[in-house]
There are 2 protein chains.
Amino acid sequence: MPKLAQKRAEQNRRQIEQAALGLFTRQGFHGTNMREIAERAQVSTGAIYTYFPTKGALYESVVRSCRTSALHSYEKRIRSWLAREFDTPGEPFTQRHLAGLAGEIRSFVYDHPDYWKLMYVDVVEFNNRHFADSFHNVPERFNQTLDAQLKRASGHPAWCGIDPGFALATVYMQILTYFLVERLFGGNQHLGAADDTAIQRIIDLALHGLWRKNGAAATIRESAVHGPGVASSVQRSAVESNQQPGKPGKAAVRNAPSER
Amino acid sequence: MPKLAQKRAEQNRRQIEQAALGLFTRQGFHGTNMREIAERAQVSTGAIYTYFPTKGALYESVVRSCRTSALHSYEKRIRSWLAREFDTPGEPFTQRHLAGLAGEIRSFVYDHPDYWKLMYVDVVEFNNRHFADSFHNVPERFNQTLDAQLKRASGHPAWCGIDPGFALATVYMQILTYFLVERLFGGNQHLGAADDTAIQRIIDLALHGLWRKNGAAATIRESAVHGPGVASSVQRSAVESNQQPGKPGKAAVRNAPSER
DNA sequence: GTTCAAAAAACGAACGATCGTGTTTTTAGC
DNA sequence: GCTAAAAACACGATCGTTCGTTTTTTGAAC
């Protein structure tokens with residue numbers, strides 16, 4: 001019986017969803033009409049309704065597809081990366097670990113901006129109905145994925161005592177927020193320094209805090225930034241003793257492109 | 001001459017703008033129509049056009065009013081509060097300072113959610129054209145406002161060496177993000193603990209980092225959170241020696257209401 | 001491999017509703 | 001009573017969606 005080949009039907013669905021995603025993320029749900037979507041997908045407006053009963057259903061399908069693709073690839077990628085990194089011998093939560101994490105987060109934001117933009121669309125026009133669950137107990141999820149590795153950290157004599165999942169979650173949120181502001185909010189070096197410099201400092205603060213009792217901070221010169229855009233050169237912290245010996249510990253964070 | 005009294009005209013303007021603000025922040029710009037605004041403002045649709053030439057002009061006026069009111073009141077409030085706190089003798093950047101800052105930021109988010117929601121509307125529907133400047137070189141602005149106080153911190157022997165404006169900006173962004181996620185993104189205790197507990201831990205991490213060389217962390221019991229909603233009781237850190245002596249240092253952060 | 005009828009899919013004009021806005025009439029302030 | 005503001009109404013455009021028609025696809029018969 002002449003039902004459309006499943007391959008072709010799925011391709012059409014994906015084509016329409018991709019066009020809708022591109023428009024929803026650029027002008028919102030109510031700011032996008034079906035004719036634009038049809039034109040961008042190179043189909044007729046009526047054709048869309050053979051795949052999606054309403055505009056709202058199309059949106060929900062777009063959200064589902066975007067979430068499963070972005071999350072399945074990147075959440076898993078970040079977690080497996082973390083697991084791999086934390087399995088190396090020695091202390092977890094080193095400068096190298098966090099710099100690598102920052103690189104992964106940066107990729108997540110810069111390679112999949114649509115995912116995040118769609119989340120903001122959902123916040124504005126749907127009260128974040130479709131994304132709210134991604135913020136439910138972030139530390140617990142880190143703990144579930146990295147149970148053994150994180151427990152090893154908390155057993156270390158120099159560990160601060162905070163639940164490692166909580167600690168990782170806060171650093172994760174901090175770095176994620178940095179790149180989201182840079183990429184989606186037009187924050188042009190909003191912390192007054194280039195990406196790698198800013199991330200370096202954030203990690204340094206996360207590792208050892210504002211105050212250091214042992215005078216290790218003495219080797220860091222004052223690196224105040226005066227005037228916009230004048231980023232002082234990267235100055236490495238002497239407290240990188242937590243690093244794995246022999247590893248260079250170069251920041252894995254590239255410079256951000258000036259504009260998308 | 002029958003020109004409307006300025007007092008009355010301004011009142012009408014504000015009434016319309018307030019209605020528009022309430023709708024824009026709940027359903028976006030394109031998701032709101034002039035008839036809804038008119039109904040909410042208890043005027044006719046035509047009457048709006050005696051005050052605003054177009055819907056876009058109304059939006060821009062709403063943004064201007066919302067920004068000037070929220071920013072003038074709260075940015076100045078936070079800064080003056082910081083200045084006052086940092087003028088107290090002793091070290092700046094104490095637990096008490098940051099807990100107070102967190103309280104101010106929390107008020108900023110929970111008392112003026114419309115300001116932040118409107119920013120997200122602008123991100124989604126106007127590419128953040130009207131709010132992008134609020135993220136331009138945040139550390140520099142802290143440095144300008146708190147020049148003397150922050151310099152005093154950087155001169156302290158135990159200071160980490162990072163530019164104090166940068167350090168304050170990162171802590172500010174971190175706490176702000178926490179409350180924004182809680183209030184606007186539906187993050188129901190997204191860090192797995194009540195507000196004051198989470199903020200307490202964030203501040204503790206900001207002050208002394210993940211690793212502590214002097215064993216001060218030994219007094220903090222493991223406070224891992226297992227299972228959603230099961231927040232362990234607040235356990236005070238022994239490293240509060242940075243606090244002003246005699247001050248209780250109680251967290252100034254209330255619990256968040258469960259839902260708006 | 002070609003043909004063919006049936007059925008699904010694609011099309012695009014059209015529909016009713018609603019959009020932002022202009023016009024006309026009524027109201028109300030000075 | 002003059003005049004600007006407010007209300008009521010109207011207009012063209014555009015919205016999401018439907019529908020009648022055309023085109024394409026399909027599996028089987030040949």
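Proteins get letters first, then strands, A, B, ... in listed order; numbering begins at 1 in each.
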Counting only side-chain N and O atoms of S44(B), is one of them less than 4.0 Å from OP1 or OP2 of dA6(D)?
no

With sequence neighbours excluded, what pairs up with A206(A) under the side-chain contact (heavy atoms from CB on, under 4.5 Å) test?
V171(A)

Using the ring of each side chain (for Trp, its six-membered ring), is Y120(B) parallel, tilted or perpendicular to F185(B), with breaks at 30° and 60°?
perpendicular

Flag side-chain contact, heavy atom, 4.5 Å: W116(A) against F108(A)
yes

Rounded distance (Å) that lies between atom P of dA6(D) and atom CZ of F52(B):
12 Å

Rounded to whole angstroms, how far apart are NZ on K7(A) and C1' on dT26(D)?
18 Å

Phosphate-side-chain proximity, T50(A) and dA9(C), N/O vs OP1/OP2 below 4.0 Å
no

Less than 6.0 angstrom from the centroid, inside 45 degrees of the normal: does R67(A) satisfy that with respect to the ring of Y115(A)?
no

Identify, with sequence neighbours excluded, every residue that meets side-chain contact (heavy atoms from CB on, under 4.5 Å) alongside H30(A).
E125(A), H30(B)

Per-nucleotide protein contact along nucleotides 12-22 of chain D, 5' to 3', at a 4.0 Å heavy-atom cut-off (B base, S sugar-phosphate only, - neither), is ---BBBB----

From CG of N12(A) over to C1' of dA8(C), roughly how many Å is that when rounded to an integer?
13 Å

Can you check the R8(A) CZ to dT24(D) P distance for me, whole Å?
11 Å

Whole Å only: how far is the CD atom of E10(B) from the C1' atom of dA5(D)?
16 Å

Would R183(B) count as a cation-pi partner of F179(B), with NZ or CZ less than 6.0 Å from the six-membered ring centre and within 45° of the ring normal?
no

For atom CD of Q15(B) and atom C1' of dA5(D), their distance in whole Å
14 Å

